[in-house]
Amino acid sequence: MGISVTVASWLDGLGHVEPEATRRFLNPRLAELTPPDSMLDRKPAAERIARAVRERQRIVVFGDYDCDGMTSAAIFTEALTALGGDVTPVLASRFDGGYGLSAAALERVLAQRPGLLITCDCGSSDHAQLEKLAPLGVDAVVVDHHLVPEQPLPVLAFLNPHRPSCGFPFKGLASCGLALSVLAAVRAELGQALDLRPLLDLVAIGTIADVAPLNGDNRALVRAGLKVLSEARRPGVRALLDLAKIDAGTTLSAEDVAFRIAPRLNAPGRLGAPDLAVALLLAKTADAAQGLAAEIEQRQVERRAVQDRMLEEALAEVERDGYRSRPALVIGREGWNHGIVGIVAGRLASELGKPVVVIGFEDGVGRGSVRGPKGARLHDAVSACSSLLRRFGGHQAAAGLEVTLEQLPALREAFEAACAAQPALEVTDDVPTVRLAPSDSLVKVLSDLNELEPCGESNAAPALALIGRVVSAREVTGGHLKLELALDGGQRLGAFGIGMGGRAATLVGDVAVSGKLRPDRYRGGSAIELKLEKIW
């Protein structure tokens, strides 16, 4: 297949041994997406949305406050407007109702006097609010991918691949991917020829940010979406790339989206209303987008400052009260921003290697996020504490909860007990690696590694491991390591290790290293360097 031995060995280890299946993995095509006919309620949803477009009924698209919800809302709004619909986006707020279609959110929806409501990335558990719509003459279509309760949902159509009766075989679609599929059906119902491919940039952002599996249909959608994203035709995307100092036309990775684009879109919703981010995604002119992007960047700066303060306070409490020795961590404080507790919980879970609950309290009521190392069954642990909680939700990898301040000690005891009762976790920081084959060109290996993109959930990017002879090793400004290695076959490779400068004097002779192979933008041209992760 023309693949380097290095990357071929990685693919072989993953079980990619059949040529055509391997071709589809390396070159996923939109034409090979799973046929959507078996997706439960797709047809009635499309018929009802198409009727609303034809009759110019007001359509309210309600999205959750995270990237998947925001991009899904933007996708529906942009496409249905282009098809002739009367569409208004409304978003959930962490600070006014919280997750999903809350009572406060329903008020904002009804204030728009809709004939049809479409929910994105929420709704599966919002029975109480959804059942209020029919008596008011409002139909509802729910588009979601979260856990499905047993109680039937009182809506006209409910699209969620996790419904037990849904025959659609790929269960990993995020809501933005589902939105695109619904719109394809609406387009056919209306007999219009709207090109949906320009919306793939939003599908890529929402899918990656939601940590959806980057395999199956998502691999094809995100691969195509990253290409659209790099072209930056959308004014809002162009402004985001400018903020992230990414040149238009640069080949983007899932990592770029996860760490440089998604956090900016999430920043407004972590401090207040998320509407600013959707307005940016839907901006029609460069001037409008640049103004909105400047506001978003200010929110991003504010978010980082609040996050750093909360993390510092949390770590001080961990050390003071000896929480490192406990099976789990439950920590909360009055005044902590509950839009940022999820980030802090994730950092603490990574630092401590155990399940973590971080709660921000306001007037004695707290909203918290639950995070943990890979393999922790967080939803099970939270469910075991349900009698102490006002409400909770989520899945095994991440959850959220609401609790009163007076219940914090009891919650800490119950959550620790629930986590202690689970099987012991194998906590490891090892990155999967592939050994460089001596006969392979580094340029070819880097090109082939790029063909594994998009990498992330369910498709880990391997680190490259190799042995080289130290030509030079020196500490550079900031305490970092600059290393040059001579490899078998005459190749030279520069390597850069963040914070590893103190090891420079000890590196002589042959060393084994691993890290991420990437273009050396400082030297330019075809130069390559290794971002060091480990030295043996």
message = Atom CZ of residue position R435 - does it have more than 12 heavy atoms of other residues, nucleotides or ligands inside 6.0 Å?
response = no
remark   = In this structure, OG1 of T34 is separated from CG of D217 (nearest 0.5 Å) by 3.5 Å
query = Cut-off 3.5 Å, side chains only: do S4 and D448 have a donor facing an acceptor?
reply = yes
key: Short side-chain donor-acceptor distance under 3.5 Å, Q300 and R303   = yes
message = Within this structure, what is the CG-CG distance for the pair L436 and L442, rounded to the nearest 0.5 Å?
response = 6.0 Å
request  = Answer with yes or no whether the side chains of N450 and S447 bring together a donor and an acceptor at under 3.5 Å.
outcome  = no
key: Sidechain-backbone polar pair: Q422 side chain, R377 backbone, donor-acceptor under 3.5 Å   = yes
task = Examine distances only and state if a side-chain atom of N160 and a backbone atom of H146 form a donor-acceptor pair shorter than 3.5 Å.
result = yes
ask   = Is a side-chain donor or acceptor of R233 paired with a backbone partner of V228 at a separation under 3.5 angstrom?
value = no
key: Any donor-acceptor pair under 3.5 Å from R347 side chain to G342 backbone   = no
ask   = Quick check: does any side chain N or O of R223 sit under 3.5 Å from a backbone N or O of E451, one acting as donor and the other as acceptor?
value = yes
query = Taking the side chain from K354 and the backbone from R324, do they hold a donor-acceptor pair closer than 3.5 Å?
reply = yes
inquiry  = Please check this pair: side chain of D520 against backbone of A527, looking for a donor-acceptor N/O pair closer than 3.5 Å.
reply    = no
ask   = If you look at every heavy atom in I359 and V403, which pair is closest and at what distance?
value = CD1-CG1, 3.9 Å
Ion pair check, D440 and K444, cut-off under 4.0 Å = no
request  = Spell out, as yes or no, whether a donor-acceptor pair under 3.5 Å connects the side chain of R299 to the backbone of R270.
outcome  = no
ask   = With distance as the sole criterion, is a donor-acceptor pair present between the side chains of D144 and S124 under 3.5 Å?
value = yes
